[in-house]
K.L.:
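A single structure is presented below for examination.
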Amino acid sequence: MQIFKQVHDLRQQVTAWKKAGHSVGFVPTMGNLHAGHLSLVKIAQQTCDKVVVSIFVNPMQFGPNEDFDSYPRTFELDQSKLSDLQTDAVFYPSVDAMYPNGIQQTKVQVPEKLTGLLEGESRPGHFDGVTTVVNKLFNMVQPDKAVFGQKDYQQLAVIKTMVEELAMPIEIISAPIGRDADGLALSSRNQYLTNKQRNIAPKLFVTLQDLAIAIQSGNLNFLELEQAATAQLLAAGFDSVDYVRVCNSKTLQEATPFEKERVILAVARLGKTRLLDNVLLNI
Ligand code: PAF
């Protein structure tokens, strides 16, 4: 497995692969890799000849009071997990290599109607940081396909929109959510949970599944269902609930009873940890 810290060296390798007729798959990450990330790498390997994984904790997508400084950085361990999977290359740039002019630079901005709601409401500017860095990474890696987890559902929708509207020649593959045996969606932030919080955490998925069953049984009073789910989460021991919302799965606007493509999105907090989850409804 090759490790590149400089864009120039990475580009040389990717150019050589492409000249040899290989397709290139890409999995962008912020490191601290768990089974969920590794499943994305496996999907990339199934559909492409060569796979590049990037590890970069992107300062531009963290707000001033968020966990950028304390975000777990575990490069040695990540490297050995990726090497066990026979990943072809890891791109591990420094902040200076990614942002030589500082992070106040040219931005890629997907319209507010998709980025200003849900996560965008509590994390202003977050998606501008994500789309800017993903765009840069795409320009650096020049992949044919890129794999993103469905766990960050809004991020996936925002990136698909960016790729479509900017006519980027990259296929976006969406990967199913990796879960622990008790249903908790895998996330690097799960390690912040105390034992007590970890026991409560799987109730988020249980609550979303209950809500999905109610909708599929014909209850289309979404507001009432969202309120009931919020109450269920608080009763289960969550400290607060940022949102539980039934949305159109493409536009992420609140769903209407007439639309058939739906996703339930939720964020609930245990102490300082925000847990995200979602359930896609196939009707
Ligand atoms: O989902 C993530 O880990 C990050 O938002 C991403 C896509 C790697 C961009 O920094």
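Counting convention: from 1, in listed order, for ligands and their atoms alike.
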K.L.:
Between ligand 1 and the protein, give all atom pairs where both partners are nitrogen or oxygen and the distance is under 3.5 Å, as lines of names plus distance to 0.1 Å.
P.N.:
residue: ligand 1; atom: 1 (O); partner: Q155; partner atom: NE2; Å: 2.8
residue: ligand 1; atom: 5 (O); partner: Q61; partner atom: NE2; Å: 2.9
residue: ligand 1; atom: 5 (O); partner: Q155; partner atom: OE1; Å: 2.8
residue: ligand 1; atom: 10 (O); partner: Q61; partner atom: OE1; Å: 2.6

K.L.:
Which pairs of donor and acceptor atoms, one on a side chain in residues 49-58, lie under 3.5 Å apart (sequence neighbours left out)?
P.N.:
residue: D49; atom: OD2; partner: S23; partner atom: N; Å: 2.8
residue: D49; atom: OD2; partner: S23; partner atom: OG; Å: 3.2
residue: N58; atom: OD1; partner: M60; partner atom: N; Å: 3.2
residue: N58; atom: OD1; partner: Y99; partner atom: OH; Å: 2.6
residue: N58; atom: ND2; partner: Q61; partner atom: OE1; Å: 2.9
residue: N58; atom: ND2; partner: G129; partner atom: O; Å: 3.1

K.L.:
Main chain of R269, side chain of Q197: is a donor-acceptor contact present, judged purely on distance under 3.5 Å?
P.N.:
no

K.L.:
Going through the distances and angles, do K81 and L77 end up as a side-chain contact (heavy atoms from CB on, under 4.5 Å)?
P.N.:
CA-CA 6 Å; K81 289 177 186 172; L77 218 71; 4.3 Å; yes

K.L.:
With a sphere of 6.0 Å drawn around CD of Q6, does it hold more than 12 non-hydrogen atoms of other residues, nucleotides or ligands?
P.N.:
no

K.L.:
Name all pairs fulfilling the ring pair (Phe, Tyr, Trp, His ring centres under 6.0 Å) condition that reach into residues 66-97, sequence neighbours left out, sorted by first residue then second.
P.N.:
F62-F68, F62-Y71, F75-Y92

K.L.:
Distance-only criterion, 3.5 Å: show the donor-acceptor pairs between side-chain atoms of residues 199-207 and protein atoms not counting sequence neighbours.
P.N.:
residue: N199; atom: ND2; partner: N195; partner atom: O; Å: 3.4
residue: T207; atom: OG1; partner: K203; partner atom: O; Å: 2.6

